[in-house]
Amino acid sequence: MLDTKFIRDNLDQAEAALATRGGNISLSGFRELDIKRRSLLTESETLKALKNSASEEIAKVKDKSTVKDKIAEMKEVSAKIKGFDDELKTVDEEFSILLMTIPNLPHPTTPVGKSEDENVVVRSWGSLPKMAFEPKPHWDLAEDLDILDFERAAKITGARFCLSKGAGARLERALISFMLDLHTTQHGYTEVLPPFMVNRASMTGTGQLPKFEEDLFRLVDPEYFLIPTAEVPVTNIHRDEILKKTDLPISYTAHTPCFRREAGSYGKDTRGLIRQHQFNKVELVKFVHPDESQAELEKLTGHAEKVLQLLELPYRVMALCSGDIGFSACKTYDLEVWLPSQNTYREISSCSSFGDFQARRAGIRFREDEKSKPEFVHTLNGSGLAVGRTLVAILENCQQADGSIVIPAVLRPYMGGMEKITK
RNA sequence: GGAGAGAUGGCCGAGUAGGUCGAAGGCGCUCGCCUGCUAAGCGAGUAUACUGGGAAACCGGUAUCGAGGGUUCGAAUCCCUCUCUCUCCGCCA
């Protein structure tokens, strides 16, 4: 959610910034509703002040029969107030829906561009594997090794689910442990294990609702949502709280499964593990002082990169352009890992700063010092990493001519010393 | 699933035959005084949001006693619905 006072005073500037996201985001309704809302508020509150002072007088009088006229008058005033308040409620709802559906303003350092084609390569790491054979896609490798079973998962549930088996299941578990251990012991994050279902208020706090309900799995009774990312429950840990400045920055890491409808992506990535309805992810979430958020984004991105470096997987860092960043984000770096079978880089982590956009929605604040008014913190998060896609990258990058997989050295302690996955 | 109890400010905790209660008191915290140091003591202050005025300091209005609705001139106090917490019973990983 944007700052209403800021938009009120800088409507053109805000509109211009939003225009760089593409689409037609008009703020014309904002001014109208804002004015209407405030004028109703003034009328209603003036009457309420009148009513309050009259009530006080009535209270002082012992013999109520002497204030009959006043009581009758106030009855009318109350009815008028009700009228204004009903109208105000309607306007407020409209106004808040409008505010909730306006995306964040891109950060000045976010490159301007229309689509993902205009994202900017910031840096690359590692050298691409040289294979003296045709690299196989991960689904063929996994099927030959009998470590992933898509067909049976489809039988159990449906399309876009996967059953991991044997060394595959263990490798996934190893990756999760490795990532969590790295972030908690080397990068200063606190591990949390949150609920995988959240309520509507939490989804609204981080920006998935009200606009993106069709992307979510929803339970009907009670109405809960399966989390599409740990960002949701973890950022909401501090919803409606005033944090101590000395507590900042707060850094959490969490492994959770993530659930996504993937509506509207029916044709894409239908084979393999790239796009699933359920996948594991280790998430990094930070609550920081507003002055630190850009520096913290660089740090957080570095923490995600470290995972790829230790796994010796080649990747590149992309700065997403204004047309490609997410709804709540003001700046985003994507990490893209090399996939030999596709001869391209694919997203494996997305690291974003949100400014005070989420904090304002979710009411997450801090005080600069004891006496000052609460201010909104800045929030950030990033994948560190998407586990399923990491598994894909390992299978594809570490494959051998005979179809076996050499396990990255850092994972071997988590695999009981196993060095290679073979038939 | 059944029975019962509860939800008040940073925390604890008063407040139900509706009226001067944004809310006693205590703790904590901040500032000042006192004290050789520490402890103790004394005094003052200490919620949030929206909104009007002001360059600002600040001043005014409104709302908020879990959430929403109702009764009333007036509700923390009465009525209804919902949410959450706790206790006991049942069931269960």
Side-chain angles (χ1 to χ4, degrees), chain A residues 1-10 30-100 193-205 209 218-225 233 236-248 250 257 356 358-377:
Chain A
M1 193 163 72
L2 299 175
D3 181 358
T4 45
K5 283 179 188 135
F6 177 81
I7 306 181
R8 190 180 294 156
D9 297 337
N10 305 278
F30 176 91
R31 177 163 282 164
E32 194 193 328
L33 282 170
D34 184 44
I35 290 170
K36 199 168 170 191
R37 175 176 164 272
R38 283 189 290 159
S39 96
L40 282 169
L41 205 55
T42 307
E43 298 199 71
S44 165
E45 288 185 353
T46 306
L47 289 179
K48 280 177 185 165
L50 176 70
K51 184 191 77 176
N52 286 344
S53 65
S55 288
E56 208 169 308
E57 282 177 48
I58 294 168
K60 283 179 192 154
V61 176
K62 288 230 173 72
D63 181 2
K64 302 299 183 206
S65 65
T66 61
V67 286
K68 258 196 282 185
D69 292 351
K70 190 131 236 165
I71 288 176
E73 192 190 332
M74 285 310 116
K75 196 179 175 105
E76 277 177 45
V77 169
S78 281
K80 275 191 204 162
I81 291 173
K82 181 96 170 53
F84 282 126
D85 280 354
D86 286 347
E87 204 178 334
L88 186 62
K89 199 178 167 190
T90 312
V91 172
D92 263 339
E93 273 164 19
E94 249 182 279
F95 193 56
S96 99
I97 287 169
L98 178 73
L99 279 174
M100 287 302 206
L193 180 57
F196 302 159
M197 300 176 204
V198 300
N199 56 31
R200 186 168 279 275
S202 292
M203 281 295 183
T204 306
L209 291 178
R218 183 169 68 102
L219 304 180
V220 173
D221 187 21
E223 187 192 57
Y224 289 150
F225 297 86
N236 276 283
I237 289 173
H238 295 298
R239 171 151 53 88
D240 295 324
E241 289 184 13
I242 298 175
L243 303 167
K244 290 200 190 91
K245 187 191 180 185
T246 49
D247 290 339
L248 303 178
I250 296 173
D356 62 7
Q358 290 183 327
R360 177 171 282 109
R361 284 180 162 237
I364 309 169
R365 297 176 291 172
F366 77 103
R367 283 183 212 274
E368 187 62 50
D369 50 75
E370 296 275 356
K371 293 217 164 153
S372 54
K373 284 178 69 86
E375 297 173 55
F376 293 107
V377 301

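Below, read A as the first sequence line, B as the second, and so on, with proteins coming before strands; counting in each chain starts at 1.
- Atom CG of A/D240 and atom CZ of A/R365 lie 8.0 Å apart (nearest 0.5 Å).
- In this structure, the CG atom of A/N52 is 9 Å from the C1' atom of B/rG74, given to the nearest Å.
- When the C1' atom of B/rC82 is taken as reference, atom CZ of A/R200 falls 16 Å away, rounded to whole Å.
- Computed from coordinates, the A/I81 CD1 to B/rG74 C1' distance equals 11 Å when rounded to whole Å.
- To the nearest angstrom, C1' of B/rC50 lies 19 Å from NZ of A/K36.
- Proximity of A/R365 to the phosphate of B/rA49: a side-chain N or O atom is located under 4.0 Å from OP1 or OP2.
- Comparing B/rU48, B/rC50, B/rU62 by their closest approach to the side chain of A/A49 singles out B/rU62.
- Going from the P atom of B/rG9 to that of B/rA14 covers 13 Å, rounded to whole Å.
- One atom, CG of A/L41, and another, C1' of B/rU64, lie 14 Å apart when rounded to the nearest Å.
- Among the heavy atoms of the strands, none lies under 4.0 Å from A/A54.
- B/rG22 and B/rC92: their C1' atoms are spaced 46 Å apart (whole Å).
- For A/D86 and A/K82, the salt-bridge test passes: some basic side-chain N is under 4.0 Å from an acidic carboxylate O.
- At the phosphate of B/rU51, OP1 or OP2 sits under 4.0 Å from a side-chain N or O atom of A/R8.
- Neither OP1 nor OP2 of B/rG68 sits under 4.0 Å from any side-chain N or O of A/K89.
- Of the candidate nucleotides B/rG69, B/rG19, B/rU48, B/rG19 has the atom nearest to the side chain of A/A59.
- Looking at heavy-atom distances under 4.0 Å, A/K68 makes no contact with the nucleic acid at all.
- If you take CD1 on A/I71 and OG on A/S78, they are separated by 11.5 Å, rounding to the nearest 0.5 Å.
- Note on A/K70: nothing from the nucleic acid sits closer than 4.0 angstrom, heavy atoms only.
- The side-chain heavy atoms of A/R367 and A/I242, taken from C-beta on, include a pair separated by under 4.5 Å.
- Counting heavy atoms from C-beta outward, A/D85 and A/K48 have side chains that approach closer than 4.5 Å.
- Each of A/R37 and A/K51 was assigned the nucleotide of RNA chain B with the nearest heavy atom; the assignment lying further toward the 5' end belongs to A/R37.
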Handout entry: Trace of the side chain to side chain contact (heavy atoms under 4.5 Å, CB included) decision for A/F376 with A/D3
Key = CA-CA 11 Å; A/F376 293 107; A/D3 181 358; over 6 Å; no
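- Backbone-only contact: A/K48 has heavy atoms under 4.0 Å from sugar-phosphate atoms and none from a base.
- Separating the NZ atom of A/K373 from the C1' atom of B/rC58 is a distance of 13 Å, rounded to the nearest angstrom.
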Practice task
Give the dot-bracket string for RNA chain B, reading 5' to 3', where a pair is Watson-Crick or G-U wobble with both distances under 3.5 Å, ( ) marks pairs inside the strand, [ ] marks pairs crossing earlier ones, | marks a partner on another strand, and . marks unpaired.
Solution key: ((((((((.[[[..)...(.....]]]((((((.......))))))(((((((....))))))).[[[[[..)....]]]]])))))))....
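- One can place CD of A/E56 at 16 Å from C1' of B/rA75, the figure rounded to the nearest angstrom.
- The shortest distance between the side-chain N/O atoms of A/R38 and the OP1/OP2 oxygens of B/rG52 is below 4.0 Å.
- As rounded to whole Å, 20 Å separates atom P of B/rA67 from atom CD of A/E223.
- For B/rG74, the OP1/OP2 oxygens have a side-chain nitrogen or oxygen of A/S78 closer than 4.0 Å.
- Exactly one of A/R37, A/K36, A/R38 qualifies for a side chain to side chain donor-acceptor pair (under 3.5 Å) with A/D34. That residue is A/R38.
- You'll find that the side chain of A/S55 is closest to B/rC73, out of B/rU48, B/rC84, B/rC73.
- Counting only heavy atoms from C-beta on, A/R367 has its side chain closest to B/rA47 among B/rG19, B/rA49, B/rA47.
- Across B/rC12 and B/rA75, the matching P atoms stand 28 Å from one another, rounded to whole Å.
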